[in-house]
Amino acid sequence: MAGEPQDDCLFCKIVGGQIPATIVRETETTVAFRDINPQAPTHVLVIPKAHYANAADLAVEEPGTAADILREARAVADDDHLESYRIVFNTGAGAGQTVFHAHAHVLGGRGMQWPPG
Ligand code: AMP
Ligand code: ZN
């Protein structure tokens, strides 16, 4: 069924507590934790507890949870006192997605280039 935990999914295991993470925020529908390989002083991943392969699939199936991800991304930025920050949804291997459970990268605390690499 859509959204069910997947046995072979790293982020489902973080949601389930089988793999540890530095969790900074949690809601009924989302978890936010620090990226293990940070690319900025603040680098937090905000994920839905439900399993969807990417952010667009999540938005189609659970639009309310997709909105929760954005709300939580702002809360992460507020918690870390960031005036500016970047929210990234890598979608597809060619765009750098390596974990196929929807997640927002919240990056901040340093200058950002545009266009991104
Ligand atoms: P993406 O490449 O967009 O799929 O992002 C996946 C992110 O997950 C990468 O930035 C990884 O550094 C991060 N990551 C992988 N394993 C862990 C973990 N166990 N705890 C926290 N972050 C992780
Ligand atoms: Zn998953």
Side-chain angles (χ1 to χ4, degrees):
M1 214 175 90
E4 290 300 307
Q6 302 293 305
D7 288 343
D8 58 350
C9 175
L10 175 66
F11 287 177
C12 284
K13 288 180 181 154
I14 288 177
V15 171
Q18 295 105 308
I19 290 182
T22 305
I23 292 173
V24 295
R25 301 184 59 85
E26 183 168 3
T27 70
E28 203 177 312
T29 56
T30 67
V31 182
F33 53 93
R34 297 211 180 269
D35 196 291
I36 205 167
N37 182 24
Q39 301 302 313
T42 293
H43 188 173
V44 169
L45 302 176
V46 184
I47 72 170
K49 288 183 174 175
H51 178 95
Y52 294 97
N54 60 54
D57 283 359
L58 172 69
V60 168
E61 298 292 337
E62 291 192 28
T65 306
D68 294 341
I69 296 284
L70 291 178
R71 196 177 304 111
E72 282 298 293
R74 182 173 68 181
V76 165
D78 287 348
D79 288 350
D80 281 9
H81 309 292
L82 301 177
E83 263 181 45
S84 302
Y85 55 95
R86 187 170 286 174
I87 301 172
V88 175
F89 296 98
N90 292 327
T91 303
Q97 187 176 7
T98 59
V99 178
F100 290 85
H101 178 129
H103 53 280
H105 295 258
V106 183
L107 297 150
R110 64 165 170 79
M112 297 277 166
Q113 307 279 317
W114 192 262

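Any value given below was found using the heavy atoms of this structure, including those in side chains, with hydrogens, waters and symmetry copies removed.
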Problem set entry | Residues which pass side-chain hydrogen bond (donor to acceptor under 3.5 Å, both in side chains) with Glu61, listed by chain and number, not counting sequence neighbours | none

For this session: Could you please spell out the steps behind the side chain to side chain contact (heavy atoms under 4.5 Å, CB included) verdict for His105 and His43?
Result: CA-CA 7 Å; His105 295 258; His43 188 173; 2.8 Å; yes

For this session: Go through the structure and list residues passing side-chain hydrogen bond (donor to acceptor under 3.5 Å, both in side chains) with Gln97, not counting sequence neighbours.
Result: none

For this session: Please name the pair of heavy atoms, one in Ala55 and one in Ala102, separated by the smallest distance, quoted to 0.1 Å.
Result: N-CB, 3.7 Å

Exercise. Looking only at heavy atoms, what is the nearest atom pair of Ala66 and Ala59, with distance?
Worked result: CB-CA, 3.8 Å

Exercise. Are side-chain N/O atoms of Thr42 and Asp80 paired as donor and acceptor at under 3.5 Å?
Worked result: yes

Exercise. Do Gln18 and Cys12 come close enough that some side-chain heavy atom pair is under 4.5 Å?
Worked result: no

Seminar exercise, completed: In this structure, CG of Asn90 is separated from OG1 of Thr98 (nearest 0.5 Å) by 8.0 Å

Seminar exercise, completed: What one should report as the nearest heavy-atom pair of Asp57 and Ala53 is OD2-CB, 3.9 Å

Exercise. Does Val76 sit in a hydrophobic cluster with other residues, and if so which ones, taking ILVMFWY side chains as linked at heavy-atom separations under 4.5 Å, directly or through other members?
Worked result: Val24, Val44, Val46, Tyr52, Leu58, Ile69, Leu70, Leu82, Tyr85, Ile87, Phe89, Val106

Problem set entry | CZ on Phe100 to CG on Asp8, rounded to 0.5 Å | 12.0 Å

Exercise. Does the pair Thr29 and Asp68 meet the rule for a side chain to side chain donor-acceptor pair (under 3.5 Å), with working shown?
Worked result: CA-CA 7 Å; Thr29 56; Asp68 294 341; 2.7 Å; yes

Exercise. Does Lys49 come within less than 4.0 Å of Glu26, counting only side-chain N to carboxylate O?
Worked result: yes

Problem set entry | ILVMFWY cluster membership beyond Val31 - transitive side-chain contacts under 4.5 angstrom | Leu10, Phe11, Ile14, Val15, Ile19, Ile23, Phe33, Leu45, Ile47, Val99

Problem set entry | By ring pair (Phe, Tyr, Trp, His ring centres under 6.0 Å) - contacts of His51 (at least two apart) | His101

Exercise. Atom CE of Met112 and atom CD of Gln39: how far apart are they, to the nearest 0.5 Å?
Worked result: 10.0 Å

Problem set entry | side chain to side chain contact (heavy atoms under 4.5 Å, CB included) partners for Asp79, two or more places apart | Arg25

